[in-house]
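Notes to accompany the following structure.
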2 protein chains.
Amino acid sequence: MADDAPGFALPLLLLQAFRAIVDDLHEELARAGHPGVRPVHGFALQAIRPQGATAAELGRRLGVSKQAAAKTIDALERLGYAVRRGDPADGRRKLVCVTPRGVDLLELSARLLDRIRGDWAARLGQERATRLERDLATLAERDGAAHALRVDAPGWFGHHE
Amino acid sequence: MADDAPGFALPLLLLQAFRAIVDDLHEELARAGHPGVRPVHGFALQAIRPQGATAAELGRRLGVSKQAAAKTIDALERLGYAVRRGDPADGRRKLVCVTPRGVDLLELSARLLDRIRGDWAARLGQERATRLERDLATLAERDGAAHALRVDAPGWFGHHE
DNA sequence: AGTCTATCGACAACGTGGTTGACTATCTAG
DNA sequence: CTAGATAGTCAACCACGTTGTCGATAGACT
């Protein structure tokens, strides 16, 4: 810290970069026939794939309650990206599966994110782009272990613990 | 993208790194006598400094409504980090000022963030740390202009537009 | 002065998206 | 067969944003 950037710049930069990428992605998704999709949908769809998941499983993967996961699934179902189907092997479970439209969304997102990554890799240079990702992975570690996804957490940012 | 990392890794990495830093910071803040403070408080306090601000100004700086800003100010006041005082020159305005405790929080946060930055700079090397920040700044740009703060936006991430 | 308009801060109502709790149905171990 | 764990759903609640409205004040214009 005896040198240049003050420490508080880093989290700002990370957040801004995250928002820039996600906003860019969803602008293009909207343009490409997926106007209603929100960031959380992509995360959830990713967490469902590839074998499907139940609401409780999805909740665990996303770090939220099964009730919250169920609401997200409701939204995905309403938007046509997922369907619930009963599990013949277990009467309690309802397997959530990604629809073809959901698969299309994920594949399109992957292509767009590759394109976005390609854009800044072109600006930065391939070598620095790769190193940026590697260094970010280092940053993302805490206590040696990778920080779990935890997109969630109402009030994580907000006014109360 | 003909090479290594798939594009979808990048936003994940950015988000995880952001959370890792912020969680680290607030763990230490809690240990150092600021247990109740949340990320949003630091952002707001920063936005108030150095000359103070009214609720409406703060809302504009943070990209939220003045009512939402007022609620944040309520929290800051309750926690002892800010005070509202009437403006003798303008009967409508109530100037929000950072208390000594608030200044202490900001200075401590700055020191801790410098320390956190120093930690990973030590792991990465000074040169790469500096370049990481520079490259992140490039990433954070959209349409040439820096992405505004916009910590806010209920449902930006969530289920509806 | 008087009036029009913009702004401040506050109050209320509402919406979204998370939470916990309770309940039933079903699976599984003993 | 029974006990306990677990799936999903319903209901209540809470946090944190929103918009709408309102009275008070400031400033400009007649």
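Below, each value reflects all heavy atoms present in this structure, side chains not excepted, and no hydrogens, waters or symmetry copies. Note that the structure is predicted; figures quoted are calculated from it, not measured. Throughout, a chain's letter reflects where its sequence line sits, starting with A, and its residues are numbered from 1.
- The distance from atom CG of Asp90(A) to atom C1' of dG8(D) is 11 Å, rounded to the nearest whole Å.
- Counting to the nearest Å, the C1' atom of dG8(D) and the CD1 atom of Ile73(A) are 10 Å from each other.
- Under the 4.0 Å criterion applied to side-chain N and carboxylate O atoms, Asp135(B) and Arg131(B) are not assigned as salt-bridge partners.
- Between Leu95(A) atom CG and dT26(C) atom P there is a gap of 17 Å when expressed in whole angstrom units.
- Here the side chains of Glu133(A) and Arg117(A) are in contact, with some heavy-atom distance below 4.5 Å.
- The CG-P distance, from Asp74(A) to dA11(D), rounds to 14 Å in whole Å.
- For the pairing with Leu139(A), the side chain to side chain contact (heavy atoms under 4.5 Å, CB included) check across Leu132(B), Asp119(B), Leu14(B), Leu13(B) returns one residue only, Leu132(B).
- OP1 or OP2 of dA10(C) sits under 4.0 Å from a side-chain N or O of Arg84(B).
- For Arg60(A), a side-chain nitrogen or oxygen approaches OP1 or OP2 of dA7(D) to under 4.0 Å.
- Residue Thr54(A) is in sugar-phosphate contact alone, with no base atom involved, counting any heavy-atom pair closer than 4.0 Å across all strands shown.
- With contacts defined as side-chain heavy-atom distances shorter than 4.5 Å, the pair Leu25(A)/Ile116(A) qualifies.
- Separating the CZ atom of Arg38(A) from the P atom of dG18(C) is a distance of 13 Å, rounded to the nearest angstrom.
- As rounded to whole Å, 19 Å separates atom P of dA25(C) from atom CG of Asp87(A).
- Residues Lys71(B) and Ala55(B) each lie close to DNA chain C; by heavy-atom proximity, the contact nearer the 5' end of the strand is made by Ala55(B).
- A parallel orientation is assigned to the rings of Phe18(B) and Phe157(A), their planes being inclined by less than 30° (bins at 30° and 60°).
- OP1 or OP2 of dG8(D) has not a single side-chain nitrogen or oxygen of Arg85(A) nearer than 4.0 Å.
- When each of dG17(D), dG9(C), dG8(D) is scored by its nearest atom to the side-chain atoms of Ala56(B), the top-ranked nucleotide is dG9(C).
- Residues Lys94(B) and Ser65(A) both approach DNA chain C. Their nearest nucleotides, taken by heavy-atom distance, put Lys94(B) toward the 5′ side.
- Nearest to the side-chain atoms of Lys66(B) among the listed nucleotides dT19(C), dG21(C), dA10(C) stands dA10(C).
- When rounded to the nearest whole Å, the span between CZ of Arg92(B) and C1' of dA6(C) equals 8 Å.
- Comparing atom distances between the Gln67(B) side chain and each of dG8(D), dC8(C), dC11(C) picks out dC11(C) as nearest.
- Spacing between atom CG of Leu58(A) and atom P of dT6(D) amounts to 18 Å, rounded to whole angstrom units.
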